[in-house]
Amino acid sequence: MSLHLETDVLIIGGGLAGCWAAVAAARAGAEVVLADKGYCGTSGVTATAGPNHWWVPPDPEKRAQAVRDRDARAFGLADPRWMARIIDTTWRVLPTLADYYRHSVTAGGVPHYQSLRGPEYLRALRRYAETLGVRILDHSPALELLLHVDGSVAGARGLRRQGEGGDWTVRAAGVVVATGGCAFLSKLLGSRTNTGDGHLMAAEAGARLSGMEFSTYHTVAERHSTQTRSASYAFADYFDADGRQIDTGGSPDVTVPLARALLAGPVYATLARMPADLRAILPQIQPAILLPFQRQGIDPFTQRFPITLHGEGTVRGTGGLRLVDDDCQTDVPGLYAAGDAATRELIAGATSGGGAQNSAWAVSSGTWSGQAAARLARAQGRRAHQGVEAAGGAGLRPDAGALKDAAALTRHLTDGVRAEMLPYDKILFRRGPVLAQSLATLDSLWRDARDRLAPGSDPTARVRAREAAALVACARWTTATALARGETRGLHRREDAPSLSPDLAHRLLSGGLDTVWVRADDPTQRSPAQRSPTQRSPAQRSPAQRSPAQRSPAQRSPAQRSNVA
Amino acid sequence: MIELVVDDRCTRCDTCIQVCPTNVFERGAGGLPLIARQEDCQTCFLCELYCQADALYVAPNCDEPVAVDAASIVASGLLGQFRRHSGWHEWEGDPAHANLHWRMGELFARARAG
Ligand SMILES: Cc1cc2nc3c(=O)[nH]c(=O)nc-3n(C[C@H](O)[C@H](O)[C@H](O)COP(=O)(O)OP(=O)(O)OC[C@H]3O[C@@H](n4cnc5c(N)ncnc54)[C@H](O)[C@@H]3O)c2cc1C
Ligand code: SF4
Ligand code: SF4
């Protein structure tokens, strides 16, 4: 029943970034396995949307201007060099999809590469990867990483929810984490599987995060729907329950005024300002946007309908795994992060990279990490016969007495995270004391996840338990960093510190499992070898410092040892 | 959330079971997909897009299950609408359903222009 594979490169996550990573690694000659929690082709937030990529022709002046314009909105936390890199890589890589995607041909006979419809885009990427020989494991969530004794990554382990079932173990020279952002189980379109699993797995292996406080992006949608597609809402007017129009301040960012209004009562919208010619072709632009209206008998162009704002966590925020080099390597040697799993501060700073940067980032970071993992495999071989240890802890192997009702505990944890991470007043209007209280609540949830969560053998229960642990971990890094950034910068708004602080004009790193820490990033500190002892990966720490899940195989109880590859 | 698998339309092809990104379905007796984990449904409509028999109905409410009447849904003409508008399968190449996604930027631009 259990599946054991050896390969050059393992990609965890088969959304936009993971697919491009798989394609790049395979094109570089590597043998590639890609494991997705859901189905590679429909999973992830791109498959349900329709991304526009940052698309600037190779004219040096145009590109320099594009970088300057975007950098000016990044609140000092972006890096122009990385911006230029993704513009260039996206321009060169995206058109290679042409054999698998029917690009619209626009005026002058030029194929339109820049913006693609999501379901078709991901279906095309799957075919592209399969044609290149990538082995895809669908419905096969990764649960934890495997590490060599020197702390470098050795592969991963997970389970298969369909077919024969059972566990999978993949040994690989290089591993790319492309598990997407963490949306905290909001109803953001396409985000159900984006629960921060990759963040937790990487952190357990010794990786650090960056920018987790920039996780406050919200998108408007019809009240009970998931259709967080903002294009049509560019024409929206908003009203309160008494029919008074809500002043959205003339800025395209309507989040703050709408959130204030929603905290006070129901809010309604109409798309009456959309011109007739665009209404007529809307189903051909975004076929899904009208479904909720038609199925409820609402005419959004003449009627007012209730709306909500869905939080996005880190998805169109910017936080994620910190990268140490141009290959998108994390602090863990051989472990790369691509797409929304990685920090996007490099290309977007403190403001959202949604709308153009994020997709270009997913294409580019996927490409670079796939290529780098392939190079690593060629240089050092698979090391498949060396002993490894499994790095996972919370939600897999309880430290203390396991609680009997794992389903109830899992629900308690996810409800608890949602209660801290989704209310507008806690996320959009942050205050120090409220953040401190949230952190205390989340710390106690973490202790439950670590000590008492034993999901047993049911595959769904195992995935949900691990997701719950990851959600709690991401919520803690987010909240701790938001607390440490005692100012307002870009997406991060502090009601009790409403202006920019010159003392905080740097990125904030976070990490830690049992004890969460936050500190200023030091851009000169680039390689893992230069890290301080407390920041080292588990394998580098002395046994006494390790948590039980991180102990070497010999120290584990027999039951735990049998879990290890 | 997914609410309906229309028995007499379903060809038992297993596609929805395979492509649902959150693994909501389970193969039931005789091959009819069962909605086994509705609470995991992310209301993405993608199972409808892939179902060539137009046998699936996803209710737009993502917050809670709603009661649906199978007969009136079948009569409504809503089944298969997303697939048709997307120009998939037999609709591929039909100019009425050509992919105009590339014009998305116009929505933002013309709204800005007022
Ligand atoms: C509605 C919407 C519209 C957007 N529009 C734009 C746009 O126009 N322009 C733009 O630049 N950006 C846009 N974005 C952002 C862009 O979609 C993302 O940056 C991009 O999808 C990131 O790709 P990804 O592969 O990192 O994540 P995803 O596409 O979310 O993929 C993550 C994948 O990882 C899998 N996974 C998770 N956990 C595990 C696990 N434990 N094991 C295995 N697999 C796992 C998931 O199932 C999923 O398939 C939009 C986002 C949204 C939500
Ligand atoms: S995809 Fe449609 S026809 Fe195929 S099994 Fe599912 S419901 Fe039945
Ligand atoms: S709407 Fe999406 S998540 Fe729900 S059953 Fe269909 S494919 Fe699965």
Side-chain angles (χ1 to χ4, degrees), chain A residues 36-39 41-44 47-48 50 52 102-104 106 112 114-117 119-120 138-139 161-162 187 189-193 222-227 230-236 252 273-275 278 281-288 290-296 355 460 463-464, chain B residues 1 14 17-27 36-37 39-50 57-64 66 68 73 76-78 81-88 92-93 95-112 114:
Chain A
D36 194 273
K37 191 195 281 186
Y39 176 81
T42 59
S43 284
T48 47
N52 175 57
R102 267 145 86 63
H103 292 284
S104 306
T106 56
H112 181 92
Q114 168 175 1
S115 94
L116 298 87
R117 201 183 267 165
E120 288 82 350
D138 294 307
H139 299 290
R161 299 186 68 191
Q162 293 195 356
K187 300 291 176 168
L189 181 61
S191 70
R192 172 61 187 83
T193 55
E222 189 276 327
R223 172 67 187 92
H224 288 294
S225 93
T226 51
Q227 290 296 316
S230 43
S232 295
Y233 287 89
F235 294 101
R273 280 192 290 119
M274 188 185 292
L278 289 179
I281 59 167
L282 194 55
Q284 284 175 268
I285 299 178
Q286 292 183 339
L290 291 172
L291 299 178
F293 297 120
Q294 284 157 341
R295 290 174 188 205
Q296 295 175 93
T460 305
V463 180
R464 285 188 185 152
Chain B
M1 294 192 276
D14 288 352
I17 301 171
Q18 191 194 353
V19 304
C20 169
T22 61
N23 199 30
V24 162
F25 300 101
E26 203 73 60
R27 191 171 216 277
R37 286 167 290 270
E39 68 278 19
D40 284 338
C41 174
Q42 61 171 1
T43 318
C44 67
F45 302 99
L46 291 177
C47 50
E48 285 193 22
L49 186 59
Y50 276 84
Y57 179 76
V58 178
N61 192 321
C62 64
D63 293 318
E64 64 226 341
V66 294
V68 299
I73 298 285
S76 70
L78 291 170
Q81 181 196 35
F82 181 33
R83 199 170 69 80
R84 186 171 68 248
H85 284 174
S86 299
W88 276 40
E92 194 172 337
H97 304 298
N99 181 347
L100 296 185
H101 185 269
W102 61 279
R103 292 182 63 178
M104 186 176 69
E106 253 176 74
L107 295 177
F108 292 111
R110 285 179 56 189
R112 254 198 315 272

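Residue numbers begin at 1 in each chain, while the letters A, B, ... track the order of the sequences.
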Looking at chain B, which one of A:Glu120, A:Gln294, A:Lys37 has the largest number of heavy-atom pairs inside 4.5 Å, strictly under? A:Glu120
Taken to the nearest 0.5 Å, the spacing of A:Leu291 CG from B:Phe82 CZ works out to 6.0 Å
Close side-chain approach of B:Leu46 and A:Tyr39, heavy atoms under 4.5 Å: no
Can you tell which of B:Thr22, B:Ile17, B:Leu49, B:Asp40 has the highest number of heavy-atom pairs within less than 4.5 Å of chain A? B:Asp40
When the 4.5 angstrom heavy-atom criterion is applied to A:Leu282 and chain B, the contacting part is side chain
d(A:Arg192 CZ, B:Glu39 CD) to nearest 0.5 Å is 9.0 Å
When only pairs under 4.5 Å are counted, which of B:Gln42, B:His85, B:Arg103, B:Arg84 shares the most heavy-atom pairs with chain A? B:Gln42
Any side-chain heavy atom of A:Ser230 within less than 4.5 Å of one from B:Phe108? yes
Proximity breakdown for A:Thr460 and chain B, heavy-atom pairs closer than 4.5 Å: side chain
Rounded to the nearest 0.5 angstrom, the CZ-CG distance for B:Arg110 and A:Leu278 is 4.0 Å
Of A:Lys187, A:Met274, A:Gln296, the largest count of non-hydrogen pairs under 4.5 angstrom with chain B goes to A:Lys187
If you count heavy-atom pairs under 4.5 Å with chain A, which of B:Leu78, B:Val58, B:Val19 comes out on top? B:Val19
Is there a side-chain contact (heavy atoms from CB on, under 4.5 Å) between A:Arg223 and B:Asp63? Walk through the geometry before answering. CA-CA 9 Å; A:Arg223 172 67 187 92; B:Asp63 293 318; 3.7 Å; yes
Hey, what do you get for NE2 (A:His103) to CH2 (B:Trp102), rounding to the nearest 0.5 Å? 14.5 Å
Go through the atoms of B:Arg37 and report whether side chain, backbone, both or neither lie under 4.5 Å from a heavy atom of chain A. side chain
Can you confirm whether B:Pro60 sits close enough to A:His224 that some side-chain heavy atom of one is under 4.5 Å from a side-chain heavy atom of the other? no
Top contributor to chain B contacts, counting heavy-atom pairs under 4.5 Å, from A:Ala231, A:Pro292, A:Ser43, A:Ser104: A:Ala231
Which answer fits B:Ile73, side chain, backbone, both or neither, if we ask what part of it has an atom under 4.5 Å from a heavy atom of chain A? neither
Minimum heavy-atom distance A:Asn52-B:Met104, with the two atoms named: CB-CE, 4.2 Å
Could you check whether any side-chain N or O of B:Thr43 sits under 3.5 Å from a backbone N or O of A:Ser225, counting only pairs where one atom can act as donor and the other as acceptor? no
Of the backbone (N, CA, C, O) and the side chain (C-beta and beyond), which part of A:Glu222 lies under 4.5 Å from a heavy atom of chain B, both, or neither? neither
Measure B:Cys47 against the heavy atoms of chain A and call it side chain, backbone, both or neither at under 4.5 Å. neither
Donor-acceptor under 3.5 Å (A:Arg295 side chain, B:Tyr57 main chain): no
Assert top hit (heavy-atom pairs under 4.5 Å, partner chain A, pool B:Gly105, B:Ser86, B:Cys44) equals B:Ser86
Assess the side chains of B:Gln18 and A:Asp138: does a donor N or O sit below 3.5 Å from an acceptor N or O? no
Counting heavy-atom pairs closer than 4.5 Å to chain B, which one of A:Ala47, A:Gly38, A:Ser115 comes out on top? A:Ser115
Identify the heavy atoms of A:Thr226 and B:Cys62 that sit nearest to each other, and give their distance. CG2-CB, 3.5 Å
What residue, out of A:Gln227, A:Gln284, A:Gln286, has the most heavy-atom pairs lying under 4.5 Å from chain B? A:Gln284
